[in-house]
Amino acid sequence: MDGTYLLIGIIVLHCVLFFLDVLFKSCCHLPYVYFVQKTGLEVSFLRLHWHTTAFNRLFQQWSNWRPRLLAFWFSLGVIVSLPLMPVAAFLVLRGLFGSILDGSKDKPSGFELEPVVPGINLPMSQLGNYMTALAIGGILHEFGHALAAGREGISILGCKAHLIVVLPVAAVEISTQRINSLATWRRLRILCAGVWHNVVLSLLALMLLYAISHSHLYKLDQGVVVTSVDPNSGVAGPSGLLYGDHITGLNHCKVQDKVSYRNCLYKAAKQSQTDYCVPVSFTNRNTQTTTDTPCCSGEMLQHLCFHNRNKAGETARWCMQVREVVEASIPKQSDEGCPEGSVSLTPLMEPSALNGTRLVVIKRSNLKKPSVLFLGLPSELYHTVEISNWLPAASYLSPQYPEMFYNFFSYLAALSAGLALLNMLPCYGFDGQHIMFLLSEVVLGWCGVRSSTITSMVAGGFTAVGTSCLLAWLFTAICKIIPM
């Protein structure tokens with residue numbers, strides 16, 4: 001399903017649910033009132049809320065499994081998570097003051113945080129992957145907090161889930177007072193558990209990406225594979241592109257992956273019509289036409305008018321079968337011109353076809369299948385032909401699944417890493433807010449300051465600065481990626 005239709009469908013569903021919720025509650029529809037009370041569901045405009053205590057006992061049982069192993073697991077999480085706080089702060093400040101830090105107005109290079117806006121820097125076709133990856137990352141984040149809290153003897157009060165338009169958010173309810181009564185290291189285990197689980201999930205996704213990329217079942221950078229063709233496309237049909245065709249070139253441009261495929265189409269659209277070097281003997285076998293008579297009649301559907309302009313400025317025209325010209329063409333040895341003993345032939349388009357129409361030769365690796373000849377706008381090939389970078393090593397393997405899995409695990413790795421970094425920032429509502437308070441309490445205690453008021457002021461100051469920087473970075477980053 002196209003991502004745009006999916007987004008529209010979700011918004012419409014939100015509106016319908018909100019309308020029904022208002023209608024049933026205003027009419028005191030008792031079955032609906034009992035239903036939302038029993039299930040813990042709450043509906044508001046473009047938002048869905050769900051609260052349940054059904055998983056409380058299950059979390060408690062899991063937290064009692066191998067307590068020493070869990071203690072080591074979450075202690076390791078503290079060691080890995082705490083260094084991410086300065087890293088996250090650096091990335092936000094680098095994105096906010098990048099031009100000052102780098103001494104230029106260019107976009108900072110390397111790894112950086114970037115907000116995701118559907119339809120702008122998130123293709124609408126990837127909206128499903130985005131929502132699923134974000135939901136998995138959020139659920140495992142909260143699962144880490146719940147498991148760590150149960151390990152430290154703190155019961156879970158309940159679980160929450162929110163869907164804000166397309167943004168899934170998960171949360172667990174834990175008694176803050178009971179957490180504050182624990183020792184410092186035990187509190188850190190609980191506070192860092194969510195970030196730690198996001199780090200592990202991101203690393204697992206990266207490992208799966210590496211395994212997919214280095215699998216012997218598929219090859220990369222050796223062309224693209226056709227996964228679907230629009231039935232209304234000019235290359236559809238038995239003699240056109242078919243599912244599984246391996247494209248290696250467009251005209252004289254070599255295709256290695258999706259990027260080179262797009263660049264070749266752009267080159268075909270923006271540059272002049274490609275010429276073909278054919279032996280002189282080939283033109284001698286065809287009848288030359290004059291400029292006073294039509295070059296090709298309307299009944300000659302497989303023919304085009306080819307012309308050649310010599311050094312003296314004289315133009316010669318031939319009406320030739322397109323495939324014969326393509327198959328008889330000789331590769332150019334340089335950009336200067338055709339080899340000796342050959343002549344350059346360029347398709348001569350009719351005045352009615354001078355709107356960007358090009359003759360595009362789509363080369364396939366299978367020698368039993370001839371090149372596909374396309375006469376039309378190169379952009380049509382981009383919009384009507386779906387391709388994949390993954391070339392199957394065997395005919396029974398599908399080129400679609402590795403592309404699908406690779407895209408999903410890419411989003412899972414990126415979003416899980418982003419959740420880990422953002423949650424370590426000292427901002428209101430994030431794990432970093434509570435971690436910063438705890439660290440401030442420890443550091444001030446080492447300095448001999450035991451006042452809870454001073455600790456709250458110091459931690460609150462860091463949190464206020466962190467929140468302000470995050471909001472400023474978010475505003476500037478969105479302004480950069482959204483065209484004005």
Side-chain angles (χ1 to χ4, degrees), residues 3 6-25 32-56 58-59 113 115-119 122 124 126-149 155-176 179 190-191 193-195 197-198 201 408 411-412 414-425 427-434 463 467 470-471 474 478:
L6 177 61
L7 179 60
I8 294 174
I10 292 174
I11 294 176
V12 170
L13 181 60
H14 272 290
C15 295
V16 171
L17 291 177
F18 178 69
F19 172 76
L20 294 177
D21 180 75
V22 174
L23 178 64
F24 289 151
K25 286 183 178 179
Y32 176 76
V33 174
Y34 293 151
F35 171 77
V36 294
Q37 290 178 351
K38 185 177 181 180
T39 59
L41 185 65
E42 183 181 348
V43 181
S44 57
F45 184 66
L46 297 181
R47 295 184 65 177
L48 295 178
H49 311 266
W50 179 58
H51 179 272
T52 182
T53 58
F55 302 107
N56 293 1
L58 188 61
F59 283 134
L113 292 173
V116 177
V117 181
L122 173 69
M124 297 302 294
Q126 299 297 325
L127 186 60
N129 284 335
Y130 168 77
M131 293 177 60
T132 305
L134 193 59
I136 293 175
I139 290 173
L140 285 184
H141 180 99
E142 297 302 325
F143 175 76
H145 286 310
L147 197 61
S155 302
I156 305 301
L157 303 179
C159 301
K160 293 181 179 179
H162 310 272
L163 182 63
I164 308 171
V165 189
V166 296
L167 184 65
V169 180
V172 291
E173 290 181 311
I174 305 174
S175 174
T176 305
I179 292 179
I190 300 174
L191 295 176
V195 172
H197 276 207
N198 282 134
L201 180 61
F408 172 72
Y411 279 97
L412 188 62
L415 291 175
S416 295
L419 284 174
L421 290 171
L422 288 177
N423 272 282
M424 287 304 298
L425 289 172
C427 300
Y428 292 108
F430 291 174
D431 296 334
Q433 175 189 0
H434 307 288
T463 303
T467 304
L470 179 63
L471 293 176
L474 188 63
I478 291 178

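Below, each value reflects all heavy atoms present in this structure, side chains not excepted, and no hydrogens, waters or symmetry copies. The model shown is predicted, which means the values in this text are computed figures rather than measured ones.
Taking both residues in full, the closest heavy atoms of F18 and F45 are given as CD1-N, 3.4 Å, listed atom of the first, atom of the second, then distance. For the pair A133 and L415, the tightest heavy-atom approach, listed with the atom from each and the gap, is CB-CD1, 3.8 Å. Here the closest heavy-atom approach between residue C427 and residue T463 is recorded as C-CG2, 3.8 Å. Heavy atoms only, all atoms of each residue included: L474 and P115 are closest at CD1-CB, 3.8 Å. Of all heavy-atom pairs spanning F59 and C159, the tightest one is CE1-SG, 3.4 Å. Taking both residues in full, the closest heavy atoms of A193 and G144 are given as CB-O, 3.2 Å, listed atom of the first, atom of the second, then distance.
In terms of the side-chain hydrogen bond (donor to acceptor under 3.5 Å, both in side chains) criterion, N56 has no residue partners (sequence neighbours excluded). For the side chain to side chain contact (heavy atoms under 4.5 Å, CB included) test, residues two or more places apart in sequence or in another chain that qualify with F35 are T39, L41. With sequence neighbours excluded, the residues that form a side chain to side chain contact (heavy atoms under 4.5 Å, CB included) with F19 are L23. Partners of V116 by side chain to side chain contact (heavy atoms under 4.5 Å, CB included), not counting sequence neighbours, listed by chain and number: N121, L122, Y130. Considering only residues two or more places apart in sequence or on other chains, L191 meets the side chain to side chain contact (heavy atoms under 4.5 Å, CB included) condition with H434, I435, L438. A search for ring-ring contact (aromatic ring centres under 6.0 Å, His included) contacts involving Y32 returns F24, not counting sequence neighbours. Scanning for side-chain hydrogen bond (donor to acceptor under 3.5 Å, both in side chains) contacts around H141 gives H145, N198, D431, with sequence neighbours left out.
Between L157 and I174 there is no side-chain heavy-atom pair separated by less than 4.5 Å. Proximity of V16 to L20: side-chain heavy atoms (C-beta onward) are separated by under 4.5 Å at one or more points. Between T132 and F408, the closest side-chain pair of non-hydrogen atoms falls below 4.5 Å. In this structure, the side chains of I10 and H14 come closer than 4.5 Å at one or more pairs of heavy atoms.
Here I8 contributes atom CD1 and L13 contributes atom CG; the two are 13.5 Å apart, rounded to the nearest 0.5 Å.
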Which side-chain N or O atoms in residues 162-173 pair as donor and acceptor under 3.5 Å with protein atoms at least two apart or in another chain?
| from | atom 1 | to | atom 2 | distance (Å) |
| --- | --- | --- | --- | --- |
| H162 | ND1 | H49 | ND1 | 2.9 |
| E173 | OE1 | H51 | NE2 | 2.8 |
| E173 | OE2 | K160 | NZ | 3.4 |

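For residues 10-21, every residue pair satisfying the salt bridge (Lys or Arg N to Asp or Glu O under 4.0 Å) rule, not counting sequence neighbours, is listed here: D21-K25.
Of the options I139, L134, L140, a side chain to side chain contact (heavy atoms under 4.5 Å, CB included) to I136 is made by L140 and by none of the others.
Between H197 and F143, the ring-plane angle classifies as tilted under the 30° and 60° cut-offs.
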